[in-house]
Amino acid sequence: MSEAPHDTDRTHIVARVLATTPASYDRLLPALLDIQQRIGFVPPQSVAAIADHFNLSRADVHGVVSFYDDLRTAPPAHHVVQICQAEACQALGCRELTAHAERRLGVALGDRDANITLAAGYCFGNCACGPTVRIGDAVHGRVTPQAFDALIDALPPPE
């Protein structure tokens with residue numbers, strides 16, 4: 001996606017996704033992921049329409065959106081850097097790596113600047129090789145502070 005859609009376009013995208021999605025609760029998460037794939041995030045103003053389609057409360061939809069780490073309610077930065085915070089990665093040093101990442105990037109976990117979102121992740125299926133970092137779709141294991149710096153230095157600048 002080269003340019004984020006405007007509010008009117010977002011409304012139409014959400015409407016198109018809902019029009020082709022059965023109104024069954026088991027289709028809620030796939031619909032949210034489809035919306036995010038097309039727009040880049042799940043617009044908060046679309047929650048009411050989504051709730052109506054699935055015959056749910058807005059709180060129910062918000063609960064699903066806020067529960068899953070892969071769903072977001074705001075446009076992401078150019079790069080999304082996730083550090084696994086699950087127990088296995090904690091045992092292997094993710095908290096120390098997170099502190100290093102926050103210092104290196106100048107943003108707290110859960111925050112972003114114009115280029116990078118630093119986010120918590122919870123298990124990328126790489127437990128034996130923690131601490132694990134996911135940048136975009138690429139998963140990196142046994143990440144040390146030095147390896148983290150190298151990964152960040154290798155990121156392309158925003159377009």
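Remember, it's a predicted structure, so these values are computed and weren't measured experimentally. Just the heavy atoms: all of them, side chains too, but no hydrogens, waters or symmetry mates, feed the values below.
- Among residues two or more places apart in sequence or in another chain, the side chain to side chain donor-acceptor pair (under 3.5 Å) test is passed with T132 by N126.
- Taking the side chain to side chain donor-acceptor pair (under 3.5 Å) definition, one finds that T98 meets it with Q85, sequence neighbours left out.
- Remark: I13 CD1 to Q37 CD distance equals 11.5 Å, nearest 0.5 Å.
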(message) Using side-chain contact (heavy atoms from CB on, under 4.5 Å), reason through V64 and L56 one step at a time and then give a plain yes or no.
(response) CA-CA 11 Å; V64 172; L56 298 168; over 6 Å; no
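- No single ILVMFWY cluster, assembled from side-chain heavy atoms under 4.5 Å apart, contains both V80 and F67.
- Sorted by first then second residue, the side-chain hydrogen bond (donor to acceptor under 3.5 Å, both in side chains) pairs that include residues 74-83, not counting sequence neighbours, are Q82-R134.
- For S57, the side chain to side chain donor-acceptor pair (under 3.5 Å) partners are D60, not counting sequence neighbours.
- The number of heavy-atom neighbours closer than 6.0 Å to NE2 of H140, taken from other residues, nucleotides and ligands shown, is above 12.
- For D149, the salt bridge (charged side-chain N to carboxylate O under 4.0 Å, His left out) test picks out R104, with sequence neighbours left out.
- Atom CG in D9 sits 9.0 Å away from atom CD1 in I39 (nearest 0.5 Å).
- Here F124 is tied into one hydrophobic group with V139, each link being a pair of ILVMFWY side chains closer than 4.5 Å.
- Heavy-atom minimum distance, V42 versus I35: CA-CG2, 4.4 Å.
- To the nearest 0.5 Å, the span separating CG on L32 from CD on Q36 amounts to 8.5 Å.
- Under the salt bridge (charged side-chain N to carboxylate O under 4.0 Å, His left out) criterion, R112 pairs with no residue at all, not counting sequence neighbours.
- A heavy-atom distance below 4.5 Å is not found between the side chains of E87 and Y122.
- When every heavy atom of V65 is checked against every heavy atom of L71, the shortest pair comes out as O-CB, 3.6 Å.
- Here V107 sits in one hydrophobic cluster together with V81, I83, L97, L105, L109, I116, L118, V133, I135, V143, F148, L151, I152, L155; the rule is ILVMFWY side chains under 4.5 Å apart, joined directly or through other members.
- Applying the side chain to side chain donor-acceptor pair (under 3.5 Å) test to R72 and every residue at least two apart in sequence or in another chain returns nothing.
- Residues P131 and C89 approach most closely at CA-SG, 3.9 Å, considering heavy atoms.
- Closest heavy-atom contact between P158 and N115: CG-OD1, 3.2 Å.
- Partners of R27 under the side-chain contact (heavy atoms from CB on, under 4.5 Å) rule, at least two apart in sequence or in another chain, are T21, P22, S24, P30, F54.
- Residues that satisfy the salt bridge (charged side-chain N to carboxylate O under 4.0 Å, His left out) test with D111, not counting sequence neighbours, are absent from this structure.
- Residues that satisfy the salt bridge (charged side-chain N to carboxylate O under 4.0 Å, His left out) test with D26, not counting sequence neighbours, are absent from this structure.
- T20 places a side-chain N or O within donor-acceptor distance of the main-chain N or O of R16, the cut-off being under 3.5 Å.
- Annotation for T73 and P44: closest pair O-CD, 3.4 Å, computed over non-hydrogen atoms.
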